[in-house]
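Read the structure below first, then the notes.
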Amino acid sequence: MPAVYVENVGDHEGSEITLRGWVYNKRSSGKLQFILLRDGTGSIQCVAFKGNFSPEQFDVLDKATQESSIEIRGEVRKDSRSPGGYEVDVTGFEIFQLAENYPITPKEHGTAFLMENRHLWLRSSRQHAILKIRHEIIKACRDYFDDQGFTLIDTPIFTPNACEGTTTLFETQYFDQMAYLTQSGQLYNEATAAAFGKVYCFGPTFRAEKSKTRRHLMEFWMVEPEVAYANLEDTMQLAEGLICLIVDRVLTKRKQQLEVLERNIAALEKISRPFPRLSYDEAVKRLQAAGSEIKWGGDFGGGDETLLSEQHSSPLLVHRYPSEVKAFYMQPDPDRPEVALCVDLLAPEGYGEIIGGGQRVDDYDLLVKRLEDHKLSAEPFQWYLDLRKYGTFPHAGFGMGIERVVAWICGLSHLREAIAFPRTLYRIYP
Ligand code: 4AD
Ligand code: MG
């Protein structure tokens, strides 16, 4: 009897198979027991008829509790009424372990309780659907860049460099030196772009965000492309294409999961390029008209991003923010040096920024000055300055936070559900 995954049960209609998984749900009606078995690839109803078992055996099965691990043998039968189209008539079974008092029951639980039990909560259908979609999004990102000839180059986690400002650094001892956990692989991407032309990195990044928001995690995954000789417009187009591919993939391959999440699929189906482009100047005017306190020169708060992104059913490209509010490496606009050649992509439906990027400073002297302006010691940046000494080149790229994209695509109200084990301000367990 072959061991089969639930997702492949349909290939075995009429034959005997073995399934291994966990009891998701169970009900009995005297002569019959209905076990909903899940194995990670899906769930299927298994029906045990009293007449096929000894009374003792039937009783053992009857005591199988939620989340008990079990092997079930039986015959696959087509059943148009069941969600997956098939059922299994149980001929034999073996309980590996009887799970007692599983803490997560079908009743409502509070968020704190669920987060404390995150290691178990992941088994629920909603969390399962979210993480399947996350996987699809990551796969789409890789395919997108791989198919365009990008080379994936992993960047380090331990680094001496503050890429995104000094206020959110996680410091750690590195033998007799201090190191930081990386905030972004960008600076290293700039080095590899000079060696490979088109590169991307994809890994965990770390930020000690001291305010509690639904949009920030301490540890999040970022995909970051960097392209030699690309400009701001190229970067915006690269970002647009990526978002369109992600949406398209999830709609084609993960509709079932979107349905589990009761996601408004029509909102995703509307997404198409080109996305509207809005300068920071125009964005400020719009925000002021909508009642925001923002003044020219200030960075957008979470509320401002929500406001802007609620005004559109499409993602929005906001470009040319004041250099003052952006990182040291941003290239000034030659026509208006007070603004940077940068872009943020805001997701619709109030989700706000999911991508940040732009053109990088390529002039040695300007970069030295920018480091000084940002009170960053030039010493750990010598290697980065070298890139402006030995064949400097215009280049641009961006970073996209995976959890922010997952939250938007899945319609989640908080980033904590977008990653298996979220690291939040007050929680590092489990
Ligand atoms: O806008 P950010 O800070 O840009 C950079 O890090 C650039 N160095 C990227 C580059 O150009 N290569 O961050 C990029 C994205 C944000 O748009 C957001 O999606 C995500 O990273 N992000 C976070 N996601 C979750 N939790 C946090 N604390 C995040 N901070 C940024
Ligand atoms: Mg940003």
Problem - Side-chain ion pair, D344 and K326, N-O less than 4.0 Å - result: yes
Problem - salt_bridge(E349, R263) N-O dist < 4.0 Å - result: yes
Problem - Carboxylate-amine/guanidinium contact E417 R134, below 4.0 Å - result: no
Handout entry: Full working for side chain to side chain contact (heavy atoms under 4.5 Å, CB included) between I157 and F206
Key = CA-CA 9 Å; I157 307 274; F206 306 86; 3.6 Å; yes
Problem - Q382 atom CD: more than 12 heavy-atom contacts under 6.0 Å - result: yes
Handout entry: Proximity of W383 and Y188 rings by center, below 6.0 Å
Key = yes
Problem - Axial cation check for F34 ring with R27, 6.0 Å and 45° limits - result: yes
Handout entry: Between F300 and Y280, ring centroids under 6.0 Å
Key = yes
Problem - Greater than 12 external heavy atoms within 6.0 Å of E282's CD - result: yes
Practice task
Identify whether the distance between the nearest side-chain nitrogen and carboxylate oxygen of E403 and R416 falls below 4.0 Å.
Solution key: no
Problem - Lys/Arg N to Asp/Glu carboxylate O, E7 vs K132, below 4.0 Å - result: no
Practice task
Determine whether more than 12 heavy atoms belonging to other residues, nucleotides or ligands lie under 6.0 Å from atom CG of N101.
Solution key: no
Problem - E87-Q45 side chain donor-acceptor pair, cut-off 3.5 Å - result: yes
Practice task
Inspect the surroundings of NZ in K375 and state if more than 12 heavy atoms from other residues, nucleotides or ligands are less than 6.0 Å away.
Solution key: no
Practice task
Would you check, one step at a time, whether the test side chain to side chain donor-acceptor pair (under 3.5 Å) holds for S323 with E338?
Solution key: CA-CA 6 Å; S323 302; E338 71 279 15; over 6 Å; no
Practice task
Answer yes or no: is there an ion pair linking R123 with E67, defined by an N-O contact shorter than 4.0 Å?
Solution key: yes
Handout entry: Salt-bridge contact R336-D281 (side-chain N to carboxylate O under 4.0 Å)
Key = yes
Handout entry: Sidechain N-carboxylate O distance under 4.0 Å for E226, R360
Key = yes
Practice task
Decide, yes or no, whether a salt bridge links D333 with R320 under the criterion of side-chain N to carboxylate O below 4.0 Å.
Solution key: yes
Problem - Criterion side chain to side chain contact (heavy atoms under 4.5 Å, CB included) on L307 and L287, from CA distance to verdict - result: CA-CA 7 Å; L307 255 176; L287 285 170; 3.8 Å; yes
Handout entry: Distance-only donor-acceptor check, side chains D304 and S292, under 3.5 Å
Key = yes
Practice task
Mark yes when over 12 heavy atoms from residues, nucleotides or ligands other than Y364 sit less than 6.0 Å from its OH; otherwise mark no.
Solution key: yes
Practice task
Can you establish whether the number of heavy atoms outside Q256 located under 6.0 Å from its atom CD is more than 12?
Solution key: no
Handout entry: Charged N-O contact under 4.0 Å between E353 and R215
Key = no
Practice task
Please report the C-alpha distance between H395 and Q359 in whole Å, then the side-chain angles of each, then the deciding distance to 0.1 Å, and finally whether the side chain to side chain contact (heavy atoms under 4.5 Å, CB included) criterion is met.
Solution key: CA-CA 6 Å; H395 58 289; Q359 244 175 277; over 6 Å; no
Practice task
Answer yes or no for R388 and Y384: cation-pi contact, defined as NZ/CZ to six-membered ring centre under 6.0 Å and angle to ring axis within 45°.
Solution key: yes
Handout entry: N/O donor-acceptor pair under 3.5 Å between T205 side chain and F220 backbone
Key = yes
Exercise for the section: Verify the distance criterion only: is there a donor paired with an acceptor across the side chains of H128 and S125 at less than 3.5 Å? Expected result: no
Exercise for the section: Salt-bridge test for D365 and K369: reply yes if a basic N is under 4.0 Å from a carboxylate O, no otherwise. Expected result: no
Fill in the blank from the handout: Tested for ring pair (Phe, Tyr, Trp, His ring centres under 6.0 Å) against F150, the lone hit among F196, F145, Y144 is F145
Handout entry: Side-chain heavy-atom pair P348, I271 within 4.5 angstrom cut-off
Key = yes
Handout entry: Short N-O contact, E259 and R254, less than 4.0 angstrom
Key = no
